[in-house]
S.K.: 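Dumping the structure here so I can ask a few things about it.
Read the numbers this way: they start at 1 and go in the same order the structure lists the ligands and their atoms.
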Amino acid sequence: MPSSIGLSASSPEPAPNVIFEHQDFDGHEQVVFCSDPSVGLSAIIAIHSTALGPAAGGCRMQPYATEADALRDVLRLSQGMSYKNALADLPLGGGKCVIIADPSRPDKDVLLRSFGRHVQALAGRYWTAIDVGVGPADADVLAETCDYTFARASQYEPGFNPSAFTALGGLNGIRAVMAHTRGSDDLSGVRVAIQGLGATGSRLAGHLHEAGAELIVADIDEAAVADAVAAFGAKAAAPNVIHAQDVDVFAPCAMGAVLNDQTISELQATAVCGLANNQLAEPRHGAALRDRGIAYVPDFVVNAGGVMGAATVIYGPPSREASLTKIDGLYDTIRSILQTARDESRPSSDVADEMALAKINAVADNEATR
Ligand code: NAI
């Protein structure tokens, strides 16, 4: 049984991959461990909530050092999807999956097809899509065995990547936070440090450059940095100091937990607004940012553009115009969260969590009384 993994009658402390006592377990409806030894598949699907609709969220493929790391990631990411989809007013719950594997392995397609069968078996309770290590072309491979796949390359014109929706949301977020901290959303001359130049970060860099911002960039992939330097006149910084640059905005667009005790104390930016999921290492880091007077745009709010743009196929006919209008709406949502946080001296992350939870609980309470 998945729930008994790591449990031992004699252990005084729960093992790190125990489910119900796990520090990141948040009443998740379902956690499914998927295995196919014939192809070397190890994966975990976490369905956090289906209160608002089928759980939707991407599939991450990463060579996690331990199963416990993968579990922690999927528990946190799926909860984030519930909050993201709720606050975005989408008729969707939250879920996510992680495949424990190196995305560059040559038999990636075999793994994806095998994993697709596990998602298919959930019969639509969970819809999967792209995330780190799984791109739109991979989503088409998943779709060979799984009807519940969105953000597929074949759903768009050639060359379009749905991460473009996410990047547009990021641009709106940075405009909104600049309006909040500086009184103007004109980005000319605004200095932004971008961590991660992948599908989202590179596109965000393009939008910011067009809007006149000055960029400092970092990535562990040197070619991605060289491209941004050439295309956008960006300055390059080492990945381990990108957060500490003398800029207006720090934009994390790589992995999670980048806002922690150490990095927060080293930030020079007056605002943090980026597209990575789970930027706060722990919830208390939202308060740490507030205490330093740094305006933080909650990650799950600003990076909702991707799901706003790509997930429409789950519940209705896709409309690029409707998606873009919704993504534009992020500007006002973010301004309102930041204003409430300022007025009430609260961490913006708490304000956003509370707004999302209220939407989920309103429906869940209704169901419970039926
Ligand atoms: P990606 O895999 O295309 O890009 C990530 C980039 O970060 C890569 O270029 C990688 O080399 C770089 N990177 C990794 N570790 C780094 C480090 N320590 N320092 C600097 N750079 C580093 O991923 P993508 O799609 O751009 O996603 C980035 C983040 O945004 C993830 O947290 C993802 O969950 C989140 N996100 C992505 C969405 C999308 O539409 N793609 C939607 C919502 C959230």
S.K.: Out of all atoms in ligand 1, which are within 4.0 Å of some heavy atom of Arg60? Include the element for each.
M.R.: 31 (C), 32 (O), 33 (C), 34 (O)
S.K.: Please determine if Asp89 and Lys326 form a salt bridge, counting it only when a charged side-chain N lies under 4.0 Å from a carboxylate O.
M.R.: no
S.K.: Keeping Arg191 on the side-chain end and Asp246 on the backbone end, is there a donor-acceptor pair under 3.5 Å?
M.R.: yes
S.K.: How does Cys253 reach ligand 1, if at all, at less than 4.0 Å between non-hydrogen atoms: by side chain, backbone, both, or neither?
M.R.: backbone
S.K.: Strictly by modelled atom types, are His243 and Glu266 linked by a side-chain donor-acceptor pair under 3.5 Å?
M.R.: yes
S.K.: Filter on salt bridge (Lys or Arg N to Asp or Glu O under 4.0 Å), then keep only pairs touching residues 339-353, sequence neighbours left out; what's left?
M.R.: Glu344-Arg346, Arg346-Glu354
S.K.: Carefully, step by step, assess Ser184 and Asp186 under the rule side chain to side chain donor-acceptor pair (under 3.5 Å).
M.R.: CA-CA 5 Å; Ser184 165; Asp186 179 355; 5.1 Å; no
S.K.: Treat each ILVMFWY residue as a node, draw an edge where side-chain heavy atoms are under 4.5 Å apart, and state whether Ile294 and Leu280 are in one component.
M.R.: yes
S.K.: Report the member of Gly256, Ala129, Ala254, Pro136 with the shortest heavy-atom distance to atom 32 (O) of ligand 1.
M.R.: Ala254
S.K.: Val132 versus ligand 1: do any nitrogen or oxygen atoms come within less than 3.5 Å of each other?
M.R.: no
S.K.: Decide, yes or no, whether a salt bridge links Lys96 with Asp131 under the criterion of side-chain N to carboxylate O below 4.0 Å.
M.R.: yes
S.K.: Students should be able to answer this: which protein heavy-atom is nearest to atom 30 (O) of ligand 1, and at what distance?
M.R.: Leu275 O, 3.1 Å
S.K.: Applying side-chain contact (heavy atoms from CB on, under 4.5 Å), name anything that partners Thr66, two or more places apart in sequence or on another chain.
M.R.: Ala68, Asp69
S.K.: State whether Arg284 and Asp261 are salt-bridged, where the test is any N-O pair (Lys NZ or Arg NE/NH1/NH2 against Asp/Glu carboxylate O) under 4.0 Å.
M.R.: yes
S.K.: Does any N or O of ligand 1 fall below 3.5 Å from an N or O anywhere on Ala199, backbone included?
M.R.: yes
S.K.: Starting from atom 40 (O) of ligand 1, what is the nearest protein heavy atom, named by residue and atom, and what distance separates them?
M.R.: Thr166 OG1, 2.6 Å
S.K.: Any idea which protein heavy atom is nearest atom 4 (O) of ligand 1, and the distance to it?
M.R.: Gly198 CA, 3.2 Å
S.K.: Regarding ligand 1, does Asn277 bring an N or O atom to under 3.5 Å of one of the ligand's N or O atoms?
M.R.: yes
S.K.: With atoms numbered from 1 as shown, which atoms in ligand 1 lie under 4.0 angstrom from a non-hydrogen atom of Lys84?
M.R.: 43 (C)
S.K.: How close does the nearest protein non-hydrogen atom get to atom 19 (N) of ligand 1, and which residue and atom is it?
M.R.: Pro239 CB, 3.8 Å
S.K.: Could you tell me which atoms of ligand 1, counted from 1 in the order shown, lie closer than 4.0 angstrom to a heavy atom of Asp131?
M.R.: 33 (C), 34 (O)
S.K.: Ligand 1 and Ser163, any nitrogen or oxygen pair closer than 3.5 angstrom?
M.R.: yes
S.K.: Just which atoms of ligand 1 are under 4.0 Å from any heavy atom in Gly196?
M.R.: 7 (O), 21 (N)
S.K.: For ligand 1, which atoms sit closer than 4.0 Å to a heavy atom of Ala276?
M.R.: 29 (C), 30 (O), 32 (O), 35 (C)
S.K.: Of the options Ile337, Thr340, Val301, which is the one that meets Met355 in a side-chain contact (heavy atoms from CB on, under 4.5 Å)?
M.R.: Ile337
S.K.: Among all protein non-hydrogen atoms, which one is nearest to atom 12 (C) of ligand 1, and what is the separation to 0.1 Å?
M.R.: Asp219 OD2, 3.2 Å
S.K.: Considering Leu197, Leu204, Thr200 one by one, which has a heavy atom nearer to atom 26 (O) of ligand 1 than any of the others?
M.R.: Thr200
S.K.: Asp299 and Gln279: side-chain donor and acceptor closer than 3.5 Å?
M.R.: no
S.K.: Out of Asn278, Val307, Ile220, Asn303, whose heavy atom is nearest to atom 14 (C) of ligand 1?
M.R.: Ile220
S.K.: Below 3.5 angstrom, do we get any N/O pair linking Gln195 and ligand 1?
M.R.: no
S.K.: Should the heavy atoms of other residues, nucleotides or ligands under 6.0 Å from NZ of Lys235 be counted, would the total exceed 12?
M.R.: no
